[in-house]
Amino acid sequence: MGLDIIVGIKYVPNTTNVNIDPKTGTLVREGVPSVVNPHDLVAVELALRLRDRYGGSVTAISMAPPHAVAGLEHVLGMGVDRAILVSDRVFAGADTLATSYVLAKTIERIGRYDLIVMGQETIDSSTGHIGAQVASWLDLPYVYYAIEVEYTGDGFIVTRELEDRIEKYRLSKPALISAKMYSLEPRQVTLRDKLRAVLERPIETWSNKDLGLDPNCVGLRGSPTIVSKVEFTPKVPRKNIIFEGDLREAVRKLVQALVEEGVI
Amino acid sequence: MGDRFDVVVIGAGPAGSSAAYNLAKRGFKVALIERGRKPGSKNMFGGRVYAKPLEEAFDGLDKAPIHRWVVKERLSIVNGEEYVTLEYSGSGGKSFTTYLTDLTDWMASKAVDAGATLITEVVVDRLLIRDGRVAGIVSGSDELEADVVVDAEGVNRLVLEKSGLVERLTPRHVALGVKEVIKVEKGDIEKFFGLGEDEGLAWVFMGSVSDGLPGGGFFYTNRDSLSLGLVIYLEKAVEGMKRHIYDMVEDLRIGPLFSKYVENGRVMEYSAHMIPADPRAIRPPRLVWDGLLVTGDAAGLLINMGYTYRGVDTAAYSGMLAAKAIEEAEGDYSASSLKRYEEMLMKSYVGRDLEKFKGVHDLYMNPRLFKEYPILLTGLLRRLYEFDYGGYRLSEAFSEARRGLVSLPRIILDLLEVYRKL
């Protein structure tokens, strides 16, 4: 008896130098190459390890514009069995609530699953909401910061790592967990799996025609979040001071300057 | 794996994409394997491509992401704050500037449209050798079989090295290229250089920019950005390099030649890459083995003509010839049958120019070219043009400028060598 696992991924701009549109307060994504959110790759790795250990299947889902197909191809290349891109104009502009609603409905439509794995958070927004919200919509037990999962046949023993302790939870199935970031090293794409992804294209695209959701509950209209203001950290010009002299002397001057600036 | 291909192409750069495109067009079942996230994500060039060979290798080049057609060429000899520039303005139309990443992506998309299977994010570890012939490729624990393999892996040809077909690269084989892409205001390029909307400038320079080491710099105008970079030949740099190359590039950007063009610009991208230095040293002993053809930079096809570089066109052209040779081999992919590729390549302009410009590398190893002569030339012109009352005669200025720098017979010999090798 294998495990049927669903893993959620987000395709995000691959940059730490994020540009924000000053008018709308939203991310400028144009011209920035995208990658699968690195924390989601940890979730994919965890899901693949569980499948490799217990058998079953891994299905990746992503709610995104069509270009995210490249992200799904990437995880298929890692060994994910099947992928579903949930893509529709009415889903655009969604906050975490509207997104988690669509993802939950997608998971319901998939129907058969034992476990859902998500990343801890995304590098482009870092809310960490989606896992908890999807679990709420689906009324599933939820554990986050998970580093280890053991399948017991009727449920899971999930190890959760916090700063000062490790906790173990017993969950009934189906369940939802968020994988702790950096807890696993995601595997590389392999030739065999990438070839299958390209030749067999096990990627389905579901639109709202398939899901039939109320347009008032999805996308911008279904999003109660309002970005009221975006404040940027002020740019401090560099002082361009070079402290010369022998090491001891230069360090003394440096420390003195830092004290004068109130830094230390 | 159940999937079998007629041809596996290693690397979706200009050479590999061209081979895949021309093979797929001829009905071959082709797998084009690329280690980067997408074609072009791992390669780099100075900034310009010669169009004609590319037109031959790919249909519909007019749809390619071309930025500007080069109509102005500049060559500068630099000595600190002083420089001497030679400018040529012509009708242009022979070469264009672009972002190689975009151009490569376009080339690979042509291959895919023609029916090739593009597999990205996959590193080819080595060749699959069976019964002494190349029978496919190996990646991790996966094998992919093919009747014939085209190696277009680029200058850092680890696949060929691991298969023992070429020697390991040493500093003698390669130069280091470092480049900044600097975004400027729309209209700036036209204003700065007196260019039309789709007209471009190519500028190469040498002298103190490379701290007197063999090498030089390049500058190209893209649509709304400038590419500025340095090439340092590693053979001499290993010992002679006194500081980080990025400091040298920074100096270039804020120095007298370019600061006025880039001061309001923003550095968008910084990249570095190995460049084949001496085509004779880097060229594999042969370009074909049983079941294998080597193309592009892996075959050492970048040509330094002394006053300009070309590598993208020669790569694409070699890919096209590889495809042609595979078709003509009619299923016999033995080295003797594929030899036709090497013959066609060496008879083409690629082989002819490789031969013609083979001496340029030796010339570049002459340190006076990068140190004494820039000082001499700028010193000469300074004396001719900058005076208060009485001026210099040319011969006076010359003998004063070269005093203690380099002897007259030496200059004559060096000039002769330049004349012979360029």
Side-chain angles (χ1 to χ4, degrees), chain A residues 9-19 28-38 40-41 44-45 48 52 60 66-80 83 123 185-203 235 237-238 240 242, chain B residues 1-5 8-10 12 20 29-42 99 101-102 105 108-109 111-112 115-126 128 136-146 159 181 183 223-225 247 250 254 266-270:
Chain A
I9 66 160
K10 187 178 182 186
Y11 201 50
V12 297
N14 181 23
T15 178
T16 46
N17 186 16
V18 176
N19 290 315
V28 178
R29 289 171 203 272
E30 256 171 59
V32 183
S34 294
V35 291
V36 178
N37 172 41
D40 293 345
L41 293 180
V44 172
E45 178 61 34
L48 289 173
D52 293 347
H67 79 283
V69 118
L72 291 171
E73 265 178 27
H74 177 85
V75 298
L76 286 166
M78 289 169 71
V80 164
I123 55 167
E185 179 69 33
R187 66 193 63 187
Q188 298 294 315
V189 164
T190 68
L191 173 58
R192 174 194 299 266
D193 291 318
K194 196 67 191 264
L195 198 56
R196 182 179 152 264
V198 174
L199 292 180
E200 295 173 23
R201 294 203 71 76
I203 304 177
K235 277 209 171 108
R238 289 190 187 188
N240 293 321
I242 295 171
Chain B
M1 264 174 284
D3 309 288
R4 200 193 149 79
F5 289 88
V8 167
V9 180
I10 307 168
K29 195 178 171 207
V30 186
L32 177 58
I33 305 182
E34 165 60 36
R35 74 190 165 111
R37 200 167 276 130
K38 63 181 215 170
S41 58
K42 299 278 183 185
Y99 291 151
T101 307
D102 295 341
D105 201 22
S109 73
V112 170
T117 302
L118 173 66
I119 304 153
T120 54
E121 304 182 299
V122 168
V123 180
V124 173
D125 295 316
R126 56 189 172 84
L128 176 65
I137 56 102
V138 180
S139 171
S141 54
D142 299 332
E143 293 177 352
L144 188 59
E145 291 182 11
V159 175
V181 177
K183 183 105 182 146
R223 190 169 296 121
D224 288 313
S225 68
D247 284 332
E250 171 109 13
I254 61 178
R266 191 168 56 87
V267 178
M268 284 200 302
E269 188 187 294
Y270 184 87

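First the proteins, then the strands, lettered A, B, ... as listed; each starts at 1.
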- On a heavy-atom basis, the closest approach of A:Arg192 and B:Asp142 is N-OD2, 2.8 Å
- Among B:Ile119, B:Val122, B:Val123, find the one that has a side-chain contact (heavy atoms from CB on, under 4.5 Å) with A:Val189. B:Val122
- Query: Would a 4.5 Å heavy-atom cut-off, applied to side chains only, mark B:Ile137 and A:Leu191 as touching?
  - Reply: yes
- Message: With a 6.0 Å cut-off (strictly less than), is the heavy-atom count around CZ of B:Arg126, excluding the residue itself, greater than 12?
- Response: no
- Residue list, salt bridge (Lys or Arg N to Asp or Glu O under 4.0 Å) with B:Arg35, at least two apart or on another chain: none
- Separation between NE2 of A:His74 and CZ of B:Arg37, rounded to the nearest 0.5 Å: 7.5 Å
- Which answer fits B:Leu118, side chain, backbone, both or neither, if we ask what part of it has an atom under 4.5 Å from a heavy atom of chain A? backbone
- Message: Within a 6.0 Å radius of atom NZ on B:Lys29, are there more than 12 heavy atoms belonging to other residues, nucleotides or ligands?
- Response: yes
- Message: Need one label for A:Val198: side chain, backbone, both or neither, based on atoms under 4.5 Å from any heavy atom in chain B.
- Response: side chain
- Query: Do you know which two heavy atoms are closest between A:Lys194 and B:Thr120, and how far apart they sit?
  - Reply: NZ-OG1, 3.0 Å
